[in-house]
Amino acid sequence: MSDTATPNVIRRADYAPPAFLIDTVDLEFDLVPDRTIVKNTMRVRRNPAAAHTTASTADLELMGEQLEFVSAAIDGKPYARVRAHEHGLTLENVPDAFELVLTGACAPADNTTLSGLYVSSGNFFTQCEAEGFRRITWFLDRPDVMATYTVTLRADKIAYPVLLSNGNLIAEGTLPDGRHYAKWEDPFRKPSYLFALVAGKLVALEERIESGSGKEKLLQVWVEPQDLDKTHHAMDSLIHSIRWDEKRFGLELDLDRFMIVAVSDFNMGAMENKGLNIFNTKYVLANPETATDTDFANIEAVVGHEYFHNWTGNRVTCRDWFQLSLKEGLTVFRDQEFSAAMSGGDENDAARATKRIEDVRVLRQVQFAEDAGPMAHPVRPESYVEINNFYTMTVYEKGSEVVRMYQTLFGRDGFRKGMDLYFQRHDGQAVACDDFRAAMADANGRDLAQYERWYSQAGTPRVTVTTHYDEAHRRYSVTLAQDYANSSPAARETQKGPLLIPFAIGLIGPDGADLPLRLEDESAVSGTTRVLEFTEAQQTFTFVDVPVKPLPSLLRNFSAPVIVEYDYSSTELAFLLAHDSDPFNRWEAGQRLATRELLALAARAARSEPLEVDDALVDAFRRVLNDETLSPSFRELALMLPSETYLAEQMAESNPAAVHAARLFVRKRLGAALKTDWLASYDKHLTPGAYEPTPEAASRRALKNLALSYLAELDEPADAVRLATAQYDAANNMTDRAAALQALLNAAAGTGRDVARHALEDFYARFEREPLVIDKWFALQAAQRGSAQHPVLETVRALMKHPAFNLKNPNRARSLIFSFCAANPAQFHAADGSGYAFWAEQVLALDAFNPQVAARLARNLELWRRFTPALREPMRAALEKVAAEAKSRDVREIVEKALA
Ligand code: B3K
Ligand code: ZN
């Protein structure tokens, strides 16, 4: 399992078409946990497109890993000129076109990597993306080799009553010795990474629906029997996804049957295998008692995401893994638009804004940080050592922004035309990001050559804005300048020139209303938001007929993934927070105001100077809290301070302790100064009666629970303890119960009293049989506030000895270890370096059996050079320890890049 070979760098520039093609694949599995036999019959032929390249030789090189070779035959005769080696199989001097039968064996029960074929809770599952198929059988395991598949599964009937694979079930029956079989056929050509099988004791929720064109479809959500009562929301989400894709993009479900299967041991969220999506239980199972509003929303988003891949990813796939964002960026964009529509906001800007804010918050906190560190890479990376390390925020979230900007430039209709042309040209093909850009350009009659830089340049562009009002001529000019000052050296190496940045802007008059807009080259006034096409290093746009000096509302709805610098005064920010017609920018103004204050306080905290909060911030927050014209969820987002992680990233030298002190100080001040407002808001936003996971009800719970969390910050948190205890006891849903527990944990941290213990014990006892809820129990404790006297690391180490802890289960490992290392910065970055030593220990422990999960954790220290000098040394020491001892290519790539 360990890969000690010298890491090979794979480069985009080295792409060559495959020397051979595989047209059909027939797989037969004899499923036995310790040794599963796989017979693989393929039609292979030389690739005419590769005939002139050097890759064309008489030998066929197939990829294979951790496989036991049994036999090979060509055109019905045993074939002896076969060499099995560490990376696969070499078949010497093969004909131009032939049938190849390879038989081999793998060991699913010993497969702890959760890549390839593995066993979880006694059932069989597969995960093939990116390169897991080669752990099942030998193959040209690359996405530009597309074949049609038939799959026969044979297994013990009692232990594995359900046998599933991609496509349609074409035969099933019994076999001798208590065994049975099922045969599946997938009519669509697909790359090997979309292959899947599932076998085991599972039950399904089923629905039959008619697709847009009137064909009957069978939908199934498969789970373990005890979880059947938690499948309805996933099913509803699937049906909503199908309807939305028909309506918005005219894309229909192409198979007769579509299956979702939940598995509790899974490295990531979910996987879009053709017709047989395999999901982490976390993104399927939900009922009001076990899942929060956030869980409900995440399930809807992930079900949508995987379903949308059926067209963007499966029908049209990637030529090579450098093009990953072709499917991921596009599909994230689609799921974001779907979620926005589902939150009641397909046409409603205010409702859409909350989803947009949540997405941008993640982008800025995590993707911008990625751009600022050693893993910075373009949306279409140039090289990798381990492709699994490149399922990143840049490829996914920045990739989604790059897709969104086409829509910002061309409108929804123009974007739809581009999508239609893309499918018209490329259905059934494996293509590149350039092909998507060409479809958008051609469908809209535009030259998008410059736009290519969004795919090839790493780093976060910075746009510096200066403005000038010429009162005499009633002209208002806006000068934009773009550079990469905030990016890492890794990112700066990729720069080629200025980007095409769609920069949405509005101008606000002194009464708070938008001014009608006319640029100097336009013949008439139109609209109140203009998308400026900013293409040069520096460019000035002049608005005419501007009657008064306006306040600019910049980058409305976050129209491009950039950092905007403009010298707003605090008064101006408070004005925007109160008046901007663009809900995103209202939120943004509040965040800027808070960030400015928090960073000033953090600087004082770092110098041990006394802290004091500006009354202007308190007043602005009070106005938002009591502004009944704003939805509760918008208020919740606006009143939530930027995270400690985000704030630390804004400092010249990250100082987590100072940020923590500053943020806590502001939270306490807001808690105390607005105490009566919080209490009133708490009462006002209760959601009595049966739980409903609707956006409206979730919105009320969000604001109410934010109020509770601020009240828990008071030095005398008796009100919060009383409310939280009552809420905990009376809760009929997980959102309220978990929020109450969290408030009790925080109140306890502030007072040193043990007010949370009873609830913590009750929570465990109540949900002992619900692994996803026990994950929350671990996560809440790992992320809880600590102090020098009560370091959370001690609690975490104690919890690792808890009988319910299991490092081998990725969800559990994430709930305790990742939560501590990533969601508790103040404790993780303890001055004594104990958090880093713990991190190194856990990365190495995970590395021994699950490199993908280990590599995710390994990324937690990559920004070490940006921290205060006192922390840098212990961070480097921890990284060096991991670099010296890690075995996997996955972890080595991360730590070596961090130390380089
Ligand atoms: N395509 C998968 C991710 C596979 C990750 C491989 N390490 C899920 C998704 O993005 O939909
Ligand atoms: Zn995806």
Side-chain angles (χ1 to χ4, degrees), residues 65 111 113-116 118 125-135 141-143 166 190-196 237-238 241 245 260-263 265-280 282-284 298-318 320-339 359 362 379 381 384-400 403 430 433 810 814 846 850-859 888-891 893-894:
E65 274 172 22
N111 182 356
T113 65
L114 311 185
S115 163
Y118 65 95
F125 296 91
T126 54
Q127 170 55 37
C128 292
E129 189 176 0
E131 297 179 336
F133 191 71
R134 65 188 65 181
R135 301 168 59 92
D141 190 15
R142 42 185 287 169
N166 315 87
K190 66 168 175 283
S192 51
Y193 81 86
L194 291 174
F195 165 81
S237 301
L238 176 59
S241 307
D245 217 13
I260 287 177
V261 187
V263 56
D265 293 288
F266 206 62
N267 283 346
M268 65 268 178
M271 177 64 213
E272 71 264 25
N273 317 298
K274 185 80 187 185
L276 181 60
N277 287 186
I278 298 181
F279 272 61
N280 188 325
K282 183 174 163 61
Y283 296 107
V284 175
N298 288 342
I299 289 169
E300 182 178 83
V302 178
V303 167
H305 180 96
E306 306 311 331
Y307 176 74
F308 301 143
H309 267 313
N310 190 49
W311 280 93
T312 50
N314 301 5
R315 287 288 287 255
V316 182
T317 193
C318 302
D320 56 70
W321 291 120
F322 297 103
Q323 319 298 329
L324 183 58
S325 197
L326 173 75
K327 74 178 178 82
E328 295 305 348
L330 176 53
T331 305
V332 171
F333 170 71
R334 277 151 56 67
D335 87 53
Q336 290 177 346
E337 290 287 276
F338 166 64
S339 292
D359 292 337
V362 174
V379 163
Y384 59 77
V385 172
E386 170 51 60
I387 184 55
N388 285 316
N389 285 335
F390 283 79
Y391 286 74
T392 57
M393 292 302 286
T394 299
V395 166
Y396 276 64
E397 310 300 320
K398 184 175 179 184
S400 165
V403 171
C433 297
R814 285 186 278 257
L846 287 162
N850 190 333
Q852 285 188 37
V853 172
R856 283 277 154 175
L857 185 61
R859 295 203 53 189
S888 74
R889 180 167 70 199
D890 310 57
V891 171
E893 177 173 26
I894 302 297

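The model shown is predicted, which means the values in this text are computed figures rather than measured ones. Numbering of ligands and ligand atoms starts at 1, following listing order.
- For the atom pair CG of Leu324 and CD of Glu129, the computed distance is 6.5 Å after rounding to the nearest 0.5 Å.
- The side-chain hydrogen bond (donor to acceptor under 3.5 Å, both in side chains) with Asn850 is formed by just one residue from the set Asn267, Asp265, Thr113; it is Asn267.
- Residue Met271 approaches ligand 1 through these ligand atoms, each under 4.0 Å from one of its heavy atoms: 1 (N), 2 (C).
- Regarding atom 1 (N) of ligand 1, its nearest protein heavy-atom neighbour is Glu129 OE1, 2.6 Å.
- Gly329 and Val403 make their closest contact through C-CG2, 4.0 Å (heavy atoms, listed as atom of the first residue, atom of the second, distance).
- Taking only non-hydrogen atoms, the option from Tyr391, Tyr396, Tyr307 nearest to atom 5 (C) of ligand 1 is Tyr391.
- Annotation for Pro143 and Cys318: closest pair CB-O, 3.1 Å, computed over non-hydrogen atoms.
- Closest approach between the Zn ion (ligand 2) and any N/O/S atom of His305 involves NE2.
- Ligand-side atoms of ligand 1 in range of His309: 9 (C), 10 (O), 11 (O), range being under 4.0 angstrom from any heavy atom.
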*Report the C-alpha distance between Phe266 and Phe125 in whole Å, list the side-chain angles of each, state the deciding distance to 0.1 Å, and finish with yes or no for ring pair (Phe, Tyr, Trp, His ring centres under 6.0 Å).*
CA-CA 10 Å; Phe266 206 62; Phe125 296 91; 8.4 Å; no
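- Close contacts between ligand 1 and Lys327 involve ligand atoms 1 (N) [criterion: under 4.0 Å to a heavy atom].
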*asked:* Does Phe308 form a ring pair (Phe, Tyr, Trp, His ring centres under 6.0 Å) with Phe338? I'd like the steps, not just the answer.
replied: CA-CA 10 Å; Phe308 301 143; Phe338 166 64; 5.3 Å; yes
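- The protein heavy atom nearest to atom 8 (C) of ligand 1 is Ala270 O, 2.9 Å.
- Of all protein heavy atoms, the one closest to atom 7 (N) of ligand 1 is Asn388 OD1, 2.8 Å.
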_Working for salt bridge (charged side-chain N to carboxylate O under 4.0 Å, His left out), residues Arg142 and Glu131_ = CA-CA 8 Å; Arg142 42 185 287 169; Glu131 297 179 336; over 6 Å; no
*Give the intermediate values and the outcome of salt bridge (charged side-chain N to carboxylate O under 4.0 Å, His left out) for residues Glu337 and Arg334.*
CA-CA 5 Å; Glu337 290 287 276; Arg334 277 151 56 67; over 6 Å; no
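- In summary, the atoms of ligand 1 found under 4.0 Å from a heavy atom of Gln852, numbered by their order in the structure, are 7 (N).
- If you look at Glu131 next to ligand 1, there are no close heavy atoms at all, none under 4.0 Å.
- No salt bridge links Asp890 with Arg856; every basic N to acidic carboxylate O contact stays at or beyond 4.0 Å.
- Glu272 lies apart from the Zn ion (ligand 2) in this respect, since none of its N, O or S atoms is found at a distance under 2.8 Å.
- The Zn ion (ligand 2) sits nearest to atom OE1 when only the N, O or S atoms of Glu328 are considered.
- Atoms of ligand 1 found under 4.0 Å from any heavy atom of Glu272 (numbered from 1 in listed order, with element): 1 (N), 2 (C), 8 (C), 9 (C), 11 (O).
- Annotation: atom 11 (O) of ligand 1 to nearest protein heavy atom, Glu306 OE1, 2.8 Å.
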